[in-house]
Amino acid sequence: DKEHRHKDHKKDKEREKFKHSNSEHKEHSEKKHRDKDKERLKHSDSSSDKHRQKHKDRDKDKRREEKVYRSPAGIKSEPEEDNGFYPSPQHNKSSRQEYDDEDPKKSSWNTTKRPKRGNMSTTKTRKMRFITYKKGTDGKKVKKEEEEKWKWWEEERYTDGSKWRFLEHKGPVFAPPYEPLPGKVKFYYGGKPMKLSAPAEEVATFFAKMLDHEYTTKDIFRKNFFKDWRKVRKMDMALGEVFRSSETDKIKEENERLLQEYGFCIMDNHKERIGNFRIEPPGLFRGRGDHPKMGMLKRRIRPEDIIINCSKDSKHPKPPPGTKWKEVRHDNKVTWLASWTENIQGSIKYIMLNPSSRIKGEKDWQKYETARRLKKCVDRIRAQYREDWKSKEMRIRQRAVALYFIDKLALRAGNEKEEGETADTVGCCSLRVEHIKLYPKLDDQEYVVEFDFLGKDSIRYYNKIPVEKRVFKNLQLFLENKQPEDDLFDRLNTSILNKHLQELMDGLTAKVFRTYNASITLQQQLKELTCSDDSIPAKILSYNRANRAVAILCNHQRAPPKTFEKSMQNLQNKIDEKQNQLSAARKQLKAAKADHKASHDDKSKKAVEMKRKAVQRIEEQLMKLQVQATDREENKQIALGTSKLNYLDPRISVAWCKKFGIPIEKIYNKTQREKFAWAIDMADKDYEF
DNA sequence: CGGGAGACTTAGGAGGCGACGA
DNA sequence: TCGTCGCCTCCTAAGTCTCCCG
């Protein structure tokens, strides 16, 4: 249970094992510190203002002016063009821009310099073959399924900030309405049966569904739930038994049919998959970590809550019979198809496209191009922040130390959060005094900083790292005259930091460092770990290890699988068994040898050879099992998926596969291959991040 | 300039499903 | 054939960052 994580001491201890002072690879040579940090920098009014309680009124309905954009004609059938095979590194490169331009100023992702996206309807559609493997009907045969995929990455992009010209979709799928329990099922309160209205009953079932979950034992959860449930029951009394049961039964649609009907949209002449076309069903809010709002009722979303976004000349989606949309707008400066305001935090939720879509893919690609531009100037930036450690100004020193952490430890930026609205988690800029400990000497290391805080999703970050003396002295200075709950960087926030970064490099923000460091680490690790004469499984193990190095750097953790101990035990049993087999085989070999010594005949010689081979085979099998066990153990609390999906430039992996003859399916599953189609198509074996 | 709304990315868990071995 | 286990998909929370308004 995740929210126990930071409280459960044992688990924390376990986690600690996997965290170590990583990131040494980014250590740069340090000049001798002449600066004795003599000048004392004041931070008189330090931490006061950042701790103010903030209030806000989220319910204000600030409806913006409706923006209208003219769109060109609708869907046209895509021209058939067969160019290339899958994967196809040999596409016509001349037809697209080069993105790895040497001069960052000229980079094609620089918004102002971006080449124009032509009129989409005149652009010839480029396609690639996308192959998926499926089981045939006989259950055995593997069927190759080829599909033509649009190569959006070979087309020009919009330069005017618009995201599309034409957008048509069918709107979201609503959660099926509540079906009341049969009359004989009764609700008992204080031992007495009690009649509940359908809405009250529904909310009661939300709780009931979670009964075997840890959540329901939590005080805050129960309190929040009961408070909201009571509201529902009060409403019943006022309104009587009015429950919208109009569209009850016919909702049991086939999932596939629903997907086919609502799962796609037409954007700029192309059919694209929608990411989340289902509206989130009502239920009890499950926050992560120690969330003050856990257990609150997440209310049902109705058509009247939904804002639809589509192009004016498209066939607008129809609301369910007897209902209306909140609004239909035509804003092509955004990518979402529908949105609504959620009632727990008052934030907006969106329906957007799948990661395989052009609109997401372009953005993803752009993200890695920005990170690659950082690669070109990271030395300069590092030199600069090291220089800034000596600044006379407190704010500059804080900025420089924070940036150093973000770079070295891949910490998140750390926006300020509203107190009491969410779990108490922090990132770099929002670190508090209580989150770090300084050790001038620890074991055999000097100037060690110990980090211990809850980050995103209340995942604990624990790390002890030696830092440079100047950083250490600065930290001591920042800590002066502060309480544990005061901000470590009281003169800094993410907005200040990002503004500074923007000046250092166009498009640079704090999170670019995470992307950059993750990708460069993968590339380095792959270079280091891959042996060209290893077998394919051994190479894949190396890949996973490189991936794991990144996951550790980014602190991507998971709860150990529930069955972990058991499956580990099973594996261990297998290993033991193999070991027995091995010693048996060895004995037999010995016997055969003795036999051969005695008889010296051909038959016994053959027997010796046989036994020798058997021993060898078993040794190999044992080795394999042991490697598997190590791999699994190492991966116990590490989640590889997040970095693979969000931080690692897929072209590095693709290049690696091509270079070593690894089938791409070994490292990317179908979904991932769809998301990274652009990279699979364009990266050749020599790609350098 | 600060605060908040808005848009979009990043995140781990639940649950389903299929491969595989007993 | 059955049970186990690990992978995949879906889900939605929780971040980052930008923009706009007063």
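Each chain gets a letter, A, B and so on, in the order the sequences are listed, and its residues count up from 1.
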message = Is it the case that the side chain of A/N276 and the backbone of A/M352 share a donor-acceptor pair, with hydrogens and angles ignored and the cut-off at 3.5 Å?
response = yes
task = Look at all strands and tell whether A/G641 reaches a base, only sugar-phosphate, or nothing, counting heavy atoms closer than 4.0 Å.
result = nothing
query = Which part of the nucleic acid does A/N415 contact within heavy-atom distance under 4.0 Å: base, sugar-phosphate only, or nothing?
reply = base
query = Of all the choices, B/dA7, C/dA14, C/dG15, which nucleotide is nearest to the side chain of A/I348 once you look at every atom?
reply = B/dA7
message = Between A/H213 and B/dG13, is there a contact of a side-chain N or O with OP1 or OP2 at under 4.0 Å?
response = no
query = Is the phosphate of B/dC8, meaning OP1 or OP2, less than 4.0 Å from a side-chain N or O of A/T335?
reply = yes
note = DNA chain B nearest-nucleotide lookup for A/R514 and A/Y350: closer to the 5′ end is A/Y350
key: Residue list, side-chain hydrogen bond (donor to acceptor under 3.5 Å, both in side chains) with A/T425, at least two apart or on another chain   = A/K417
message = At less than 3.5 Å, do the side-chain atoms of A/K456 and the base atoms of B/dT10 form a donor-acceptor pair?
response = yes
message = Whole angstroms only, please: what is the CE-P distance between A/M352 and C/dT12?
response = 16 Å
task = Name the residue closer to the 5' end of DNA chain C, choosing between A/L508 and A/E280 according to the nucleotide with the nearest heavy atom.
result = A/E280
task = Can you tell me the distance, in whole Å, between the CD1 atom of A/I279 and the C1' atom of C/dC11?
result = 13 Å
inquiry  = Would you say A/K511 places a side-chain N or O within less than 4.0 Å of OP1 or OP2 belonging to B/dT9?
reply    = no
message = At less than 4.0 Å, is any side-chain N or O atom of A/R412 found next to OP1 or OP2 of B/dA11? Yes or no.
response = yes
query = Can you check the A/I351 CD1 to C/dC11 P distance for me, whole Å?
reply = 11 Å
message = Please pick, from B/dC8, B/dG12, C/dG6, the nucleotide with the shortest atom-to-atom distance to any side-chain atom of A/V334.
response = B/dC8
query = Counting only N and O atoms by type, is there a donor-acceptor contact under 3.5 Å from the side chain of A/N332 to the main-chain atoms of A/R165?
reply = no
query = What are the two closest non-hydrogen atoms of A/L640 and A/R548, and how far apart are they?
reply = CD2-CA, 3.6 Å
inquiry  = If we ignore hydrogens and angles and just use 3.5 Å, is the side chain of A/Y647 paired with the main-chain N or O of A/A551 as donor and acceptor?
reply    = no
message = Under 4.0 Å, counting only non-hydrogen atoms across every strand here, what does A/P281 touch: a base, just sugar-phosphate, or nothing?
response = sugar-phosphate
inquiry  = What is the separation between atom OH on A/Y647 and atom P on C/dG15, rounded to the nearest whole Å?
reply    = 12 Å
ask   = Between A/T216 and A/M210, what is the shortest heavy-atom contact and its length?
value = CG2-O, 3.2 Å
ask   = Can you name the nearest heavy-atom pair linking A/I344 to A/E342, along with the distance?
value = CB-OE2, 2.9 Å
task = Give a yes or no answer on whether the side chain of A/E393 reaches the backbone of A/R395 with a donor-acceptor pair at less than 3.5 Å.
result = no
Sugar-phosphate only, base, or nothing, as touched by A/G275 at under 4.0 Å among non-hydrogen atoms = nothing
Filtered N/O pairs between nucleotides 20-22 of chain B and protein, under 3.5 Å:
none

query = Any idea which of C/dT9, C/dT18, C/dG15 is nearest the A/Q502 side chain?
reply = C/dT18
message = Considering every strand and a 4.0 Å limit on heavy-atom distances, what is the contact class for A/K163: base, sugar-phosphate, or nothing?
response = sugar-phosphate
request  = Please state whether the phosphate of B/dC8, meaning OP1 or OP2, lies under 4.0 angstrom from any side-chain nitrogen or oxygen of A/K363.
outcome  = no
message = Could you tell me how far apart A/D457 (CG) and B/dA14 (P) are, to the nearest whole angstrom?
response = 13 Å
task = Respond yes when some side-chain nitrogen or oxygen of A/T671 is under 4.0 Å from OP1 or OP2 of C/dC8, and no when none is.
result = no
inquiry  = With a cut-off of less than 4.0 Å, is there a side-chain N or O of A/T494 near OP1 or OP2 of C/dT16?
reply    = no
ask   = Between A/F277 and A/Y262, is the gap from one ring center to the other below 6.0 Å?
value = no
message = Taking the nucleotide of DNA chain C with the nearest heavy atom to each, does A/A510 or A/N354 sit closer to the 5' end?
response = A/N354
